[in-house]
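Contents: one structure, followed by commentary.
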Amino acid sequence: MKQPDLPDAAFTARSLSLFRQRAPLVHCMTNDVVQTFTANVLLALHASPAMVIDAEEAAQFSAVADALLINVGTLTRTRADAMLAAAQEARKAATPWTLDPVAVGALRLRTDFCQRLLTLKPAAIRGNASEILALSLQQSGGRGVDTQHQAEEALSAAQRLAQRCGAIVVVTGEVDYVTDGERTLKVPGGSPLMTRVVGTGCALSAVVAGFAALPGDRLQHIASACGVMARAGELAAGRAQGPGSFIPAFLDALWNLNAEALA
């Protein structure tokens, strides 16, 4: 297997600049625990977040948004109906949408539902190693939102999943891997403090959704999203005293991130 390449820092800087210029409207159908943090992360990057969850409204809104995120963290059958309607309309409107398959493999409802969603051709899929393994291999595994595997263990499964669905697949961990099934990029960085606060992974999925809507090389843009979040995490960890001070430092780092910091 060819070794993954590192992203181009100059491309990441250009991608971030383009993201800020376009300020994409990102429709986040995400879990109840992370809505505020996800919105604040997108706002810190100059994007426009929206959380529309009613089935009729969500379907309408996904057709006018720049990007759609479906995160199944606090899934219910009613919410699944709304998410399905939104994904269907997004596909009709050519709105790129991203799937965050939280705890897939550990629970049956979300596992079956995410397999159904894959038929609607997401632009991107972002999950931890256990989630990507379960989604790709259609098997049980994982322990809720916690991964039981290292990211590199799921790389082959991610590449197969990307080839099967036509999506860019992101496997996150201490190192993130981004693949379209043929090309693979390796994104290092971040901080262990990112795992000690609620919502950094879910927020990354929303940022991935927004970057997936940018014109040009979608693989590189999504790798840029991972690089932006990882670098902000490093900068925030250098200033924070612990998890409580990490969150505002992280939002500030996203707001102030520039090409020099990314390099």
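All values reported here derive from a predicted model rather than from experimental measurement.
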CG on L161 to OG1 on T179, rounded to 0.5 Å: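 Answer rounded to 0.5 Å: 10.0 Å.
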About how many Å separate CD1 of I168 and CG of L219, when rounded to the nearest 0.5 Å?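 So the CG of L219 and the CD1 of I168 are separated by 5.0 Å.
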Listed once per pair and sorted, the salt bridge (charged side-chain N to carboxylate O under 4.0 Å, His left out) pairs that draw on [range], sequence neighbours left out:
range: residues 106-122; result: none
range: residues 58-74; result: none
range: residues 186-203; result: none
range: residues 69-97; result: D32-R79, E89-K92

Please name all residues satisfying side-chain contact (heavy atoms from CB on, under 4.5 Å) with [X], sequence neighbours left out, ordered by chain then number.
X: P215; answer: L18, R22
X: Q60; answer: E56
X: S245; answer: A240, Q241

How would you list all residue pairs meeting side chain to side chain donor-acceptor pair (under 3.5 Å) that involve residues 199-221, not counting sequence neighbours?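 Passing the test, one end in residues 199-221: S15-H221, D100-S205, R126-S205, R183-D217.
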Please list all pairs passing the ring pair (Phe, Tyr, Trp, His ring centres under 6.0 Å) test where one or both residues lie in residues 53-109, with sequence neighbours left out.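 Sorted result for residues 53-109: H27-F61.
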Residue pairs, two or more places apart or on separate chains, that pass ring pair (Phe, Tyr, Trp, His ring centres under 6.0 Å) and touch residues 170-215: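 Sorted pair list: F19-F211.
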For residues 33-48, tabulate all N or O donor-acceptor pairs below 3.5 Å that involve a side-chain atom, not counting sequence neighbours.
residue	atom	partner	partner atom	Å
T38	OG1	V34	O	2.9
N40	ND2	T36	O	3.4

Return a table of donor-acceptor pairs under 3.5 angstrom between the side chains of residues 251-263 and protein atoms on other chains or two or more places apart.
residue	atom	partner	partner atom	Å
N256	ND2	D252	O	2.9
N258	OD1	E260	N	3.2
N258	OD1	A261	N	2.8

